[in-house]
Every structure is written in structure tokens, then in C-alpha cells.
Number of protein chains: 2
Amino acid sequence: MRARILDAAEAQFAKHGFDGVAMRDVAGRARVDAALLHYYFGTKKGLFDAVFARRAAVLNRVRIDALDEYARRAGHNVTVEGALKAFTDPLLELAALGDKGWKNYFALLAQVNNTPAWGGRTMTRYFDPVIQRLVEVVRVALPDADPQDLYWSYHFLSGALTLVLSQTGRLERLSRGLCRSGDIEAVYARLTPFMTAGFLAVCQPAGARKVRAGGAVRRRSDGRMLQAGRG
Amino acid sequence: MRARILDAAEAQFAKHGFDGVAMRDVAGRARVDAALLHYYFGTKKGLFDAVFARRAAVLNRVRIDALDEYARRAGHNVTVEGALKAFTDPLLELAALGDKGWKNYFALLAQVNNTPAWGGRTMTRYFDPVIQRLVEVVRVALPDADPQDLYWSYHFLSGALTLVLSQTGRLERLSRGLCRSGDIEAVYARLTPFMTAGFLAVCQPAGARKVRAGGAVRRRSDGRMLQAGRG
DNA sequence: GTCTATAACTGGATAGAC
DNA sequence: GTCTATCCAGTTATAGAC
């Protein structure tokens, strides 16, 4: 019963946000009486928090496990790519299950992650430990990286990942049907390579960085970029 | 008067989203009578659309101009980095002005971009032309790139860019004050290098791609990734 | 634990005076 | 163009029967 309410609330909050959802709607979709929601969860905010916390716990466990497992197996041979895969793959696997609940939850995360009023606080409260663990593991691969570069790089990854899972239909429209945003296989094939290259470009100290052909970048001492070659 | 209402509405919608804002609040902050909002904009949705459209027009003009200008000057020597800079720099410059209005607007964009119910449609309606132009210009640098790879890469960029501008305070908290999300100089220094590397890693056809040391990736025919070396 | 009824309030929107 | 007054639909939340 509790679960049915949480499922319905999750779907509605994911689609319309906290303020766009009426307790009545949730009760109707869950096919329970409206007063029950208050009996179980007290307030609307209580219901929302319960929705948010339920899968956060699961998500954090599988990701922390994946990161620990990867760090243990890789030892000193940790790579940026391996660390990022350990962080994102468990999430993509859940998204690929076809489970409506997880898809809704990820769409909810995308909204919260971009909600100025309280989104930052909420994401911090629930997800900081796993992200700090990710940064730790990446640091094994890039021991000389500037922490600021690592955090900014993660921030870029976070934005991309949440938008990918946000189910807005944006990509379909933009690509005129060429890409489907629910196509997790397509994300698997591209997200980690993209992000790995990004992390390396930003976080690898200048001395250790290989200069690549075409569009090589070099960091100046003040942190601004200079474009090498023809601009 | 219209402008004062739009400014107040922009700030409120940016912070709390469409459903989190009351017309009364907007009227109060704009210090005008509540009935005036309906006189000028008809409905709440009419007000929201006016807010959204106002700066979209400005943003589209400066970005299209920057892309055209860059394509003209670079000719056949277009680089991915140059194209991405032409696309993002005008936006970052507006964000760096210190103008509260633009900051609010970008936070609003971040929310809309991640709103499942109608965000995709809205972003498409207002911003598709400039993005198609970006893809066109990037294609001059990567003529053999698969369009799907380009659209996915843009999707990643879009998510990162909107989160960066979303003003949630997330980055501050995560980095324990080491980074400030409003620090546009820091974004300048990192966003383009990160995204350029990502685009090249994903969109450069395998034949033309240099294999990099450490964490090299190869695409299989089915699009899945294989990690080279120790995983 | 569950449902009925309703309190208490806030929301968008409008009619009509000036 | 602007403001007063108000309508009324929809909201969260609770009291109390069963």
C-alpha cells in the first residue's frame, strides 16, 4: 500500500515537479483514499522526501559497491575511464531495465538537480558520499590533478547525466527522430568515452598531458585557455 | 511597467518553477496591482511565455551571429573548439555581466531543459535553429562524423551547460567552498576544453582518431565500447 | 487502518468602477 | 490603463465515524 502510493507519487513528481502535483492526483492514481497519504506520510513534503529517499538508498549502495569493487580490483592501475564507468554503469543498468519506476526516479533527479531553491541542498544531502568516493578513485588515476578541476569536471558530468535521464523528448525532436533519449545502449556507447576525454583534458596537469593533433589546448598560469593553431 | 513585471516574473519562475509561483507574488515583487498582470499577459502561461521569449530572442541573435562570424573567418579551417566557443562564449559573457536578469534567465533555462512534461517542446521551439547551426559548423571540422554522435554529444554539452548556469549552489557544497558555481571565469577555463575533448572522442570516426595512451577506447561495430587494457 | 466530510486557505481569473 | 472587489475552482490537511 505504501509502495503503491510511493510509485504513483514518484511518477507524478517526476512529470510535474513538487508544486505541479496535487495529493488528490496521487491518491487517484494509486487508487487509495486521499486521506491515506497523510496517514502514512504526514505532509506533501513528507511524501516527496519518502519518494526521494527510497531509491537514493538503493542507488548509493550499488554505486559505492561498484566503486569499491573497481578500486580494489584495479589497485594502482585505476583509470579515469574505469572509475567513471563504475560510477555511471550501475545507474545506466537500472535505467535500461525497462522499469518505469527507475525511469521516473531519474527524471525526478534531473529536475531536483536543476532546482535552484532547494535542489542543491537535497542532492548534497543524499548523494555527496558517493560523489566524494568517485573523486577519490579518479584521483588515484590522476594524483596530480587540481581538486577544483576534478569538481568542475564532475559538475559537467552530472549535468549531462541528469539531462540524459530526464525524459524530456528533447533529443528526439532535435535530431528529428535520429536519436532516442531512452536508448540506453546509445548512452553506454558514448557517455563514458566523452566524459573520460573531458576529465583528461581538464584534469591532467599540463606536464603530463599528451598534446593531441587538432585543437590542442594548453593551460596558461591564470587558468584561461589558449587555443593552439588557427582559431 | 511591462518590463518590471517580466523581471519579477523571471526571478520568481527561475527560483520556483511555473507551478511554484503565484501571480500575486509576482505582482507584489513588481509593485504593481495583481490585475495588471492579466491585463498585459492574459494568463499565467502567457506571462511565462513572454518571460521565456524575451531573452531567447536576444540569445539566439548573438549566438547565431557568433557562429556565422566564426564560420566565415575560419573557412575550411573550422575546429571543434572554435565552433563550441562561438556557441558557448556569448552565453557565458552574458552570464558574466553580473546582470541579475540574465542569471535568473539561465537558471530558468536549466529548469525548463529538465522538465519532462513540456520542457522538451519549449526548448525545441525556441532554440533549435541555433543548435542546428552549431551542428552544421562542427560538421565542417568533422565531415565524416555520424550525425547521431553529434547530437548525443550536443546533448551532453547541453546538460552540462544548463547545470552550470542553474545556480543551485550544488558545486559549492560538494567542493566545500573550493569552487563557486557563479565563477564564470572558471567555466571559461574548463568548459570548452572538456567539451572539445568529448566531441572529438565520440564523433571522430575511428580511422581518423588517434589512439591515446591510457584508457584508450575503441568502438565495436554495434556501438558498444570495449575498454582497452586492464579494466 | 480506512473512509467521509469538511475546514481553512490559496490559486488564477474577471467584472466593472474610475 | 489602473485598481477594487470578488468569484470560484482547487489545494492541503484534519476531525471523527467506523
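In what follows, chains carry the letters A, B, and so on, assigned in the order in which the sequence lines appear, proteins first and then strands, with residues in each chain numbered from 1. Treat the numbers as computed from the prediction; the structure is a model and nothing was measured.
Within residues 30-37 of chain B, the residues having any heavy atom under 4.0 Å from DNA chain D are, by residue number, B:Asp33, B:Ala35, B:Leu36. Shown for residues 4-19 of chain B: no residue has heavy atoms falling under 4.0 angstrom of DNA chain C.
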Listing, residues 14-22 of chain A side-chain donor-acceptor contacts under 3.5 Å, not counting sequence neighbours, or none:
none

Return all side-chain donor-acceptor pairs below 3.5 angstrom for residues 99-113 of chain A, not counting sequence neighbours, or 'none' if the list is empty.
residue, atom, partner, partner atom, Å
A:Asp99, OD1, A:Gly101, N, 2.5
A:Asp99, OD1, A:Trp102, N, 3.3
A:Asn104, ND2, A:Lys100, O, 3.3
A:Tyr105, OH, A:Phe52, O, 2.7
A:Tyr105, OH, A:Ala56, N, 3.2
A:Asn113, ND2, A:Ser158, OG, 3.2

Can I get a per-line list of side-chain donor-acceptor pairs under 3.5 Å for residues 29-39 of chain A, giving both atom names and the distance, sequence neighbours left out?
residue, atom, partner, partner atom, Å
A:Asp33, OD2, A:Ala35, N, 2.9

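Here B:Leu6 pairs with B:Phe41, B:Leu47, B:Ala50, B:Val51, B:Arg54 under the side-chain contact (heavy atoms from CB on, under 4.5 Å) rule; sequence neighbours left out. Legend: residues meeting side-chain hydrogen bond (donor to acceptor under 3.5 Å, both in side chains) with B:Glu172, ordered by chain and number and at least two apart, are B:Ser181. For B:Tyr126, there are no side-chain hydrogen bond (donor to acceptor under 3.5 Å, both in side chains) partners at least two apart in sequence or on another chain.
Rounded to the nearest 0.5 angstrom, A:Phe48 CZ and A:Thr122 OG1 are separated by 7.0 Å.
Counting any heavy atom pair closer than 4.0 Å across all strands shown, A:Tyr40 reaches sugar-phosphate atoms only and no base atom.
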For nucleotides 7-12 of chain D, tabulate all protein N/O to nucleotide N/O atom pairs closer than 3.5 Å, reporting atom names and distance.
residue, atom, partner, partner atom, Å
D:dT12, OP1, A:Val21, O, 3.2
D:dT12, OP1, A:Met23, N, 3.1
D:dT12, OP1, A:Lys44, NZ, 3.4
D:dT12, OP2, A:Met23, N, 3.0

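Identified under the salt bridge (charged side-chain N to carboxylate O under 4.0 Å, His left out) test for residues 37-46 of chain A, with sequence neighbours left out: A:Lys45-A:Asp49. Residue pairs meeting the salt bridge (charged side-chain N to carboxylate O under 4.0 Å, His left out) criterion with at least one partner in residues 123-141 of chain A, sequence neighbours excluded, are A:Asp68-A:Arg133, A:Asp128-B:Arg170, A:Arg133-A:Glu136.
Contacts between chain A and DNA chain C, taken as any atom within less than 4.0 angstrom of a protein heavy atom, begin and end at C:dG1 to C:dT4.
Within the 3.5 Å criterion, the main-chain N or O of B:Trp118 finds no donor-acceptor partner in the side chain of B:Thr115.
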